[in-house]
Protein chains: 2
Amino acid sequence: MRLVIARCSVDYAGRLSAHLPSATRLLLIKADGSVSVHADDRAYKPLNWMSPPCALKEGEDGIWTVTNKGGEQLIITVEEILHDSSHELGVDPGLIKDGVEAHLQELLADRIEVLGEGWSLVRREYPTAIGPVDILCRDAGGGTVAVEIKRRGEIDGVEQLTRYLDLLNRDPLLAPVRGIFAAQEIKPQARVLATDRGIDCVTLDYDALRGIEDQKLRLF
Amino acid sequence: MRLVIARCSVDYAGRLSAHLPSATRLLLIKADGSVSVHADDRAYKPLNWMSPPCALKEGEDGIWTVTNKGGEQLIITVEEILHDSSHELGVDPGLIKDGVEAHLQELLADRIEVLGEGWSLVRREYPTAIGPVDILCRDAGGGTVAVEIKRRGEIDGVEQLTRYLDLLNRDPLLAPVRGIFAAQEIKPQARVLATDRGIDCVTLDYDALRGIEDQKLRLF
DNA sequence: GCGTACATATCGAGC
DNA sequence: GCTCGATGTGTACGC
């Protein structure tokens with residue numbers, strides 16, 4: 001990893017055109033071939049960048065040219081270098097995550113009764129021609145229910161569930177299938193659209209589900 | 001901006017939980033208060049971060065604690081510092097972009113005739129209950145047309161236009177409303193879906209539209 | 001390699 | 001402050 005602090009101007013020509021007037025910035029060159037140009041704000045997002053794989057050519061006139069396979073170009077005109085250091089970092093062991101959609105799915109599948117008394121799981125990741133349905137289950141009356149789980153429930157998720165329901169309802173062995181849109185948080189517009197389509201919305205509490213799960217584990 | 005190269009392990013407890021085993025990484029501390037932890041790959045995205053506003057407290061035992069208002073925490077256990085430098089960057093003049101959706105919409109609205117002779121603009125950002133339609137216009141026969149504009153035309157955009165059409169066609173003053181999906185580039189799958197739904201696809205040439213606009217400006 | 005789905009997305013505009 | 005849509009979204013995983 002190479003860190004350069006330099007006064008520079010930058011031009012990007014690729015999926016759009018963009019220009020950065022001259023100023024002092026951080027140029028971050030990673031071992032994976034990526035180059036990014038950071039100001040002292042905007043959280044972690046660089047002002048401009050080129051994703052790997054790409055090639056950096058440092059001209060003798062201070063003009064750095066970064067090119068990728070698609071012909072996109074990042075041209076950095078370096079006027080003055082204030083710092084330049086390189087560091088050997090090695091391969092990173094990587095991030096271990098907990099609390100994402102997959103966990104919500106596991107927890108809800110294991111405690112499907114939170115959706116209603118007498119409900120039972122058919123299976124997780126129920127396969128269809130257009131992809132797996134997160135959870136397929138049966139309500140107390142034996143009716144089929146498809147559940148789409150999201151961490152944050154937005155319109156896209158409702159569309160996704162709608163596509164699954166259209167398909168599942170073509171199967172005479174399953175139909176009629178109704179839908180439940182379950183998320184830790186559901187946006188108003190998504191709720192409106194779901195309701196308009198006869199889809200029920202359920203808000204999940206990750207900590208509560210985990211708590212229930214812990215209780216279950218203590219019981220057995 | 002402060003740059004630290006350090007052997008460290010990291011724990012994040014917030015919207016999810018995450019852990020990074022000990023390794024050598026870049027710690028990037030920006031003037032806006034953000035902290036990010038970078039490995040030597042993954043392009044510009046850090047392994048872990050805290051967005052501003054947040055506060056960094058450097059303990060004497062090498063334990064750095066970053067906290068934000070929401071109570072999320074990033075705990076960095078620094079085992080060895082290999083580099084530590086600070087740099088004054090000043091305020092960045094910022095990025096100038098060109099060629100995004102807003103420009104396409106302006107250009108097309110101003111030159112609605114490219115969609116067909118005798119067409120006229122009703123208005124840009126025509127409001128509906130589920131959000132504004134990019135362009136509403138009338139064709140030569142006085143029929144209403146809703147136009148959805150995207151830089152890159154994908155399935156999501158077709159779904160979005162479909163929702164608008166469903167809603168607009170419930171309005172007896174407007175119905176029947178047909179749809180046009182306009183983009184610089186339309187993915188094959190999006191084109192198939194649009195066609196299946198009776199939506200016309202139009203490919204926009206940004207440079208050509210800008211050229212037409214320039215001609216218009218020269219004429220008046 | 002393309003397409004799909006997820007993400008601590010980030011960011012800016014409008015309300 | 002919140003919501004919503006755009007993003008050069010990035011990234012992993014499937015086929």
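Letters go in sequence order (proteins before strands), and every chain restarts at 1. All values derive from a computational prediction rather than experimental measurement.
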So does [Y] get a backbone contact from the side chain of [X], meaning a donor-acceptor N/O pair under 3.5 Å?
| X | Y | value |
| --- | --- | --- |
| B:K30 | B:V35 | no |
| B:T144 | B:L174 | yes |
| B:T162 | B:V158 | yes |

Walking DNA chain D from its 5' end, the first of A:Y12 and A:E154 to be reached, judged by nearest nucleotide, is A:E154

Salt bridge (charged side-chain N to carboxylate O under 4.0 Å, His left out) filter on A:R124, not counting sequence neighbours, yields none

The salt bridge (charged side-chain N to carboxylate O under 4.0 Å, His left out) partners of B:R210 (sequence neighbours excluded) come to B:D98, B:D207

Exercise. Do A:E148 and A:K150 sit within salt-bridge range, that is, some charged N less than 4.0 Å from a carboxylate O?
Worked result: yes

Nucleotide by nucleotide, nucleotides 10-15 of chain C touches protein heavy atoms under 4.0 Å in the pattern (B base, S sugar-phosphate only, - none) SSS---

Here the residues of residues 155-165 of chain A within 4.0 Å heavy-atom distance, strictly under, of DNA chain C are A:Q160, A:R163, A:Y164

Short N/O separations, protein against nucleotides 1-4 of chain D, under 3.5 angstrom:
unit_1	atom_1	unit_2	atom_2	d
D:dC4	OP1	A:Q189	N	3.3

### D:dG8 and C:dG14, which share atom name C1', separated by this distance in whole Å
24 Å

The Watson-Crick or G-U wobble partner of C:dT10, with both key distances under 3.5 Å, is D:dA6

What side-chain donor-acceptor pairs closer than 3.5 Å can you find for residues 182-195 of chain A, not counting sequence neighbours?
unit_1	atom_1	unit_2	atom_2	d
A:T195	OG1	A:R191	O	2.7

| said: Using a 4.0 Å heavy-atom cut-off, does A:M50 contact any base of the nucleic acid, only the sugar-phosphate backbone, or nothing at all? | reply: base

